[in-house]
Amino acid sequence: MSNSTPQKFEFQTEIKQLLDIVIHSLYTEKEIFVRELVSNASDALEKLRHTQLTEKEVFDDNLTLEINVTTDDKAKTITIQDFGVGMTREELVENLGTIAHSGSKAFLQALGESGAKNSNLIGQFGVGFYSAFMVAKSVKVYTHSWRKDAPGHMWSSDGSGTYEIEEAEGQRRGAKIVIELKDDCADFAQDWKIKEILERYSAFVSFPINLNGKRINTVQALWLRNKNEVKDEEYTEFYKFQAHAFDEPRLRLHFSADAPLAINALLFVPKENTEKLGFSRLEPSVSLYCRKVLIDAKPKDILPEWLRFLKGVVDSEDLPLNISRETMQDKSLLEKLNKVITKRFLKFLEEEAKNRAEGYTEFYKEFGVFLKEGAALDFTHKDQLVKLLRFESSLTEKGKTTSLADYVSRMGADQKEIFYLVGPNRASIESGPYLEGFKARNLEVLFCYETVDEYVMNNVREFDGKKLTAADHADVKLADLPKPEGALKDEDVTTLTKWLKDTLGERVSEVKPSDRLVDSPVIALNADKFMSPHMRRIMKAMNKDAETPLRVNLEINPRHAVIKRLFETHTAQPEKAKLVAEQLLDNALISAGLLDDATAMVARLNKLLESV
Ligand code: ADP
Ligand code: MG
């Protein structure tokens, strides 16, 4: 088949699915299609500017880098034209026929998860080019690539499963998108309507936009302006435009530096952590500019991994302008940039924590997990990051948190370590037996509720010269408390622990009197240095069949009535005492979340009940 006759293509399955939803959606803010198409036009112009730096031969090379929007209310059309890189035939198929756009992918994924035709999701993710089909009867894309030898083409579709491509002569460089509007969307062919939409965000497009021949925007780079002159709304609109976001930013940092590098940066923390909501891992998306020229929209190396939730712009005059996306070889320069920005952002968070504690707490609820990731993995910034961590503790109220520095300031003169307990929530930690010995000695214990916490604590290891220690670990030594009345005598304790060890056999590695029990008769302590009870639960959840052999240290409370009674009966009624001993161990394992199978326990308990 000759290339000059129209050729019909099927959309990729995912695109068909996407289009079906977009076309039938009742999403009310249909105007986002203007923003998506203008943003594509702007991207194409940015790419062209780059191409011009590296390629000698560029088609139609003396065209102005601008975007022209025209409306025709008689014909009910809107046309968006740019003089950017354009597309070849192959690129048309690749870019407009298959799913490349990460927002569309995320959209489909979210849709799969929510299980419904939830049209609001369109607004949350943006569906890029395909958003045009919310308002279009048909979409035509006339384009000519910057490559001289590629012919011009016209792509067209009504969004119903197929599209056509044919050669089209006489095209200028770039892309011209002609939308024939649905009858109920004919408003978008009105000059005033489009003007209103464009004015809202066009200030952030770094190319001139003309509407029906009239200039709409004055090109300005917001991040280069003096921050005293920028209004909150401008920042917010910029954030929405630049980050393709639909929320309001939670925090923003606008700063400039001269040494060691000249930097202007505008960073945003979004409202929500979408990773937490279960969407895919965030990709770095702070864009790198050099004197207002985009170098890379998603550079990997200008921020550490754990800052991947940041949005915004970094502009540095010190970058060579012709540094290309593929060959950002000057690693040392990027490393420097990375260092300066990270340090500045961490300082900013410190200030927020100090001056706007409530806002910081809210931020931490959403994004604290990233700070933990950094504290555990980023050795360079660990110290600064650890200071930013927050935990509930045995001394805070529910929902209130403390920093490690504040914890340390409350430590008594004799306390050498920082204690923490890992558990699913406050209630379960407070009702378990592990806390009571610490409480009795006025020792504060940090509460860790998140699965990553244990890993983080293990990696962080110490703060301010104090070791971070799991309070349920067998090695923890607590100071003596005055011996209360009525405890078993030392030699009786020795007899009983020996008997218990013999009776319980392989299930325990050691039995000894406890220095930490107050109200509970027994406690199971983690004998395994490398796997806490909590970690073991996680491992089990991940791999149900794996047998992780379990041995614990059992500690007994010589003051507790049950223990005293056990001592009395263990010679007189050995059978029954054995059942009690086994039951006590199971009780301790339940508190530790370590009892895997309760069948044997229930049978035993019934037997014990018979004898009551
Ligand atoms: P995204 O912009 O996030 O990549 P879109 O769905 O908006 O996703 O666009 C898909 C792709 O189509 C773009 O990545 C780009 O390669 C191509 N494209 C869209 N509009 C244009 C344009 N005006 N000029 C050149 N290429 C374009
Ligand atoms: Mg786009």
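When reading the values below, keep in mind they use all heavy atoms of this one structure, side chains included, and skip hydrogens, waters and symmetry mates. Start at 1 and go down the list; that is how both ligands and their atoms are numbered.
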Sequence neighbours excluded and cut-off under 3.5 Å, please list the side-chain donor-acceptor pairs for residues 177-190, or say none.
from	atom 1	to	atom 2	distance (Å)
Glu180	OE1	Ser138	OG	3.1
Lys182	NZ	Met134	O	3.2
Asp183	OD1	Lys137	NZ	3.4

Within a distance under 4.0 Å of any heavy atom of Leu96, pick out the atoms of ligand 1 and give their elements. 12 (O)
Are Glu229 and Arg225 within salt-bridge range, i.e. N to O under 4.0 Å? no
Under 3.5 Å: N/O of Asp82 near N/O of ligand 1: yes
Looking only at non-hydrogen atoms, which of Val85, Thr98, Asn40, Asn95 approaches atom 9 (O) of ligand 1 most closely? Asn40
List every atom of ligand 1 that sits less than 4.0 Å from any heavy atom of Ala175, numbering the atoms from 1 in the order shown and giving each element. 22 (C), 23 (N), 24 (N)
Would Lys176 count as a cation-pi partner of Tyr142, with NZ or CZ less than 6.0 Å from the six-membered ring centre and within 45° of the ring normal? yes
Using a cut-off of strictly less than 2.8 Å, determine whether Asn40 has an N/O/S atom near the Mg ion (ligand 2). yes
Check this for me, if you would: do Lys56 and Asp61 make a salt bridge, where the nitrogen-to-carboxylate-oxygen distance has to be below 4.0 angstrom? no
Where's the contact between Leu37 and ligand 1, heavy-atom distance under 4.0 Å: side chain, backbone, both or neither? neither
Parallel, tilted or perpendicular: which fits the ring planes of Trp223 and Phe238, with parallel below 30° and perpendicular above 60°? tilted
Got a sec, which pairs hit side chain to side chain donor-acceptor pair (under 3.5 Å) with one end in residues 255-268, sequence neighbours left out? none
May I ask you to identify, for Met87, whether its side chain, its backbone, both or neither come under 4.0 Å of ligand 1 on a heavy-atom basis? side chain
Below 4.0 Å, non-hydrogen atoms only: which portion of Thr143 touches ligand 1? Side chain, backbone, both or neither. neither
If we only count N/O pairs under 3.5 Å, is Phe129 in contact with ligand 1? yes
